[in-house]
Amino acid sequence: MQKLAILGGNRLNGEVRISGAKNAALPILCAGLLTGDTLQIGNVPDLNDVATMRKLLQQMGMAIEVSGGEVVLSAAQIGKLDAPYDMVKTMRAAILVLGPLVARFGEARVSLPGGCAIGSRPVDLHIKGLQAMGAEIHIEHGYIHAQLPKNGGNGRLKGARIFFDLVSVTGTENLMMAATLADGVTVLENAAREPEVIDLAHCLRAMGAKISGDGTDTITIAGVEKLHGVSYRIMPDRIESGTFLVAAAAAGGSITLTHTRADILDTVLEKLTEAGAKITAGGDRIQLEMNGRPRAVNLRTAPYPAFPTDMQAQFMALNCIAEGSAMVVETIFENRFMHVQELRRLGAQIDVEGNTAVVSGRAHLEGAAIMATDLRASACLVIAGLVAQGETVIDRIYHLDRGYEHIEAKLSQLGANIRRVK
Ligand code: EPZ
């Protein structure tokens, strides 16, 4: 089991290059199933989740070549329509093959994703939407079996009006992909507005899909017979960007992010300014300067464009050493405070009541041995380690490797004293 050892107290200075967005790359790789033509995808991050998704698609018959951040994929010879449990259980985003498989091949067998550390995370909205589009779905032995009715149907899903009870990012993405090849028009109401949904829509439109309204809560897709290949470049990762900015705001210093975008980080940049950071942004760069102790900031997570749940844990680390106390309300997932226990081991003062945590800022944290529990919680613990006095050793950092490309290399470059130990 690999660990990260961090000696806290260094300020962060210098430039860091932001990678492509994990949560845009995952659905866009699945979009490759929608055509027999070749897709050339650029700026694909080198992450464990992306590697898992590639393996899943390859075992279905997708031809995939990787060179650096370029991935060339072709679903001309798909032989298997299955997403087996052993792959889905490590990466819930595997559910994103369901919509494309049913839309193009009329059938799919996808394992139900198990629960995960941050919540039960059901996929009922994905299933309900496909049923509304005419798919017959039954669940047995932990698998979702979906197929188009044999009798009479023209072998295609049919356009439908679908209302999401809850805003679901991958739910929106799954059904948007399925609808591109459906017979007729599909309208997704209460759709997710995340930038990664827009990036997927841009890629699908470039493949010939007829999609409008992406980025709003109502997305309209007019089905077409076929989609064609495309060359597409993944958007920058806004959560990786936010994570580095919060790290510098907590540790102090002056960093510049390159190959990123500021227009998709409004609420995060606002909170960092409120905490006392000086932020300037222009082109594909964001600069943050922080001197002195941050001020505590209240947070309430909600679907985009509100404050992102994927940044909640990182800001909690900042609040642990901030001046004053802060209220953190997590409204998306029912169990996304797993990092609290670990932060307490570093001396943090946090009281949790249901989905609300009250963090009383302390002047210092003390380094200790702690354990990562999920992807963004591990990022929070890295930030806490950067500011804690003495050494912090973080175990189970495979969680971190799922979503952050070479994080210790990037942090070392900025002056952090961090190394991977066996
Ligand atoms: C996506 O997960 C992201 N993952 C998550 O990022 C992110 O935290 C989440 O959106 C919220 O922004 C990817 O894009 C691959 P949801 P997703 O469906 O789509 C409930 C990370 O750190 N729900 O938007 O799985 C669900 O339980 C990961 O990169 C249903 O009840 O999240 C949750 O409470 C972690 N039924 C809420 O909706 C459904 O059918 C939002 O979930 C679907 C969702």
Side-chain angles (χ1 to χ4, degrees), residues 19-31 45 47-50 52-53 56 88 90-99 110 112-132 137 139 144 162-178 188 190-200 217 234-235 237-243 264 267-268 301-314 330-336 338-339 355 372-380 399-405 407:
S19 306
K22 168 176 85 80
N23 291 351
L26 293 174
I28 286 173
L29 291 176
C30 295
L47 301 170
N48 289 359
D49 268 10
V50 171
T52 305
M53 184 63 88
L56 171 64
V88 177
T90 63
M91 187 197 55
R92 309 174 34 75
I95 190 73
L96 285 166
V97 303
L98 181 62
V110 176
L112 273 172
C116 102
I118 61 179
S120 60
R121 302 182 73 184
V123 289
D124 55 308
L125 301 177
H126 300 240
I127 291 168
K128 230 172 79 181
L130 285 171
Q131 286 170 326
I137 295 187
I139 294 180
I144 302 165
I162 296 162
F163 183 85
F164 282 91
D165 304 343
L166 272 169
V167 174
S168 166
V169 174
T170 49
T172 300
E173 292 166 345
N174 228 340
L175 297 177
M176 183 164 73
M177 287 193 280
L188 303 181
N190 198 24
R193 299 170 51 187
E194 269 66 8
E196 293 74 21
V197 173
I198 301 175
D199 211 34
L200 172 62
D217 60 5
I234 303 281
M235 66 178 277
D237 195 312
R238 65 191 166 104
I239 304 300
E240 186 196 19
S241 302
T243 302
I264 50 179
T267 49
V268 171
T301 67
Y304 194 88
F307 186 86
T309 175
D310 290 349
M311 286 300 304
Q312 176 257 106
Q314 297 91 314
E330 171 56 59
T331 72
I332 304 285
F333 292 110
E334 65 269 27
N335 186 31
R336 204 169 197 176
M338 308 283 279
H339 38 289
N355 70 346
T373 51
D374 60 88
L375 170 55
R376 304 307 170 179
S378 10
C380 154
H399 291 290
L400 201 59
D401 296 333
R402 297 186 46 180
Y404 289 95
E405 192 178 57
I407 190 163

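All ligand and atom numbering here is 1-based and tracks the order in the structure. Each residue takes its place number in the sequence, starting with 1.
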Pair listing, salt bridge (charged side-chain N to carboxylate O under 4.0 Å, His left out) test, anchored in residues 303-312, at least two apart: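 Listed once each, the pairs are D310-R336.
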What are the polar N/O contacts of ligand 1 with the protein below 3.5 Å, with distances?
| unit_1 | atom_1 | unit_2 | atom_2 | d |
| --- | --- | --- | --- | --- |
| ligand 1 | 2 (O) | R121 | NH2 | 3.3 |
| ligand 1 | 6 (O) | N23 | ND2 | 3.3 |
| ligand 1 | 6 (O) | D310 | OD2 | 3.1 |
| ligand 1 | 8 (O) | D310 | OD1 | 2.6 |
| ligand 1 | 8 (O) | D310 | OD2 | 3.4 |
| ligand 1 | 8 (O) | R336 | NH1 | 3.4 |
| ligand 1 | 18 (O) | S168 | OG | 2.7 |
| ligand 1 | 19 (O) | T170 | N | 2.8 |
| ligand 1 | 19 (O) | T170 | OG1 | 2.6 |
| ligand 1 | 22 (O) | R376 | NE | 2.8 |
| ligand 1 | 24 (O) | V169 | N | 2.8 |
| ligand 1 | 25 (O) | R121 | NH2 | 3.1 |
| ligand 1 | 29 (O) | K22 | NZ | 2.8 |
| ligand 1 | 29 (O) | N23 | ND2 | 3.0 |
| ligand 1 | 29 (O) | R376 | NH2 | 3.0 |
| ligand 1 | 34 (O) | I332 | O | 2.6 |
| ligand 1 | 36 (N) | P122 | O | 3.3 |
| ligand 1 | 36 (N) | D124 | OD1 | 2.7 |
| ligand 1 | 40 (O) | P122 | O | 3.4 |
| ligand 1 | 40 (O) | D124 | N | 3.1 |
| ligand 1 | 40 (O) | D124 | OD1 | 3.3 |
| ligand 1 | 40 (O) | L125 | N | 2.7 |

Those residues that, when tested against L125, pass side chain to side chain contact (heavy atoms under 4.5 Å, CB included) (two or more places apart):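 With sequence neighbours excluded, L125 shows a side chain to side chain contact (heavy atoms under 4.5 Å, CB included) to K128, F164, D165, L166, S168, given in chain and number order.
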In terms of side-chain geometry, is the basic nitrogen of R238 or E196 positioned less than 4.0 Å from the acidic oxygen of its partner?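 Between E196 and R238 there is a salt bridge, with a charged N closer than 4.0 Å to a carboxylate O.
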Verify, without hydrogens or angle tests, whether D199 (side chain) and M235 (backbone) share a donor-acceptor contact under 3.5 angstrom.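 Such a contact is found between D199 side chain and M235 backbone.
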Kindly say whether G99 contributes a backbone atom to a donor-acceptor pair with the side chain of N174 at under 3.5 angstrom?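 Checked: pair present.
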Could I get the full list of ring-ring contact (aromatic ring centres under 6.0 Å, His included) partners for Y404, not counting sequence neighbours?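 Not a single residue meets the ring-ring contact (aromatic ring centres under 6.0 Å, His included) criterion with Y404.
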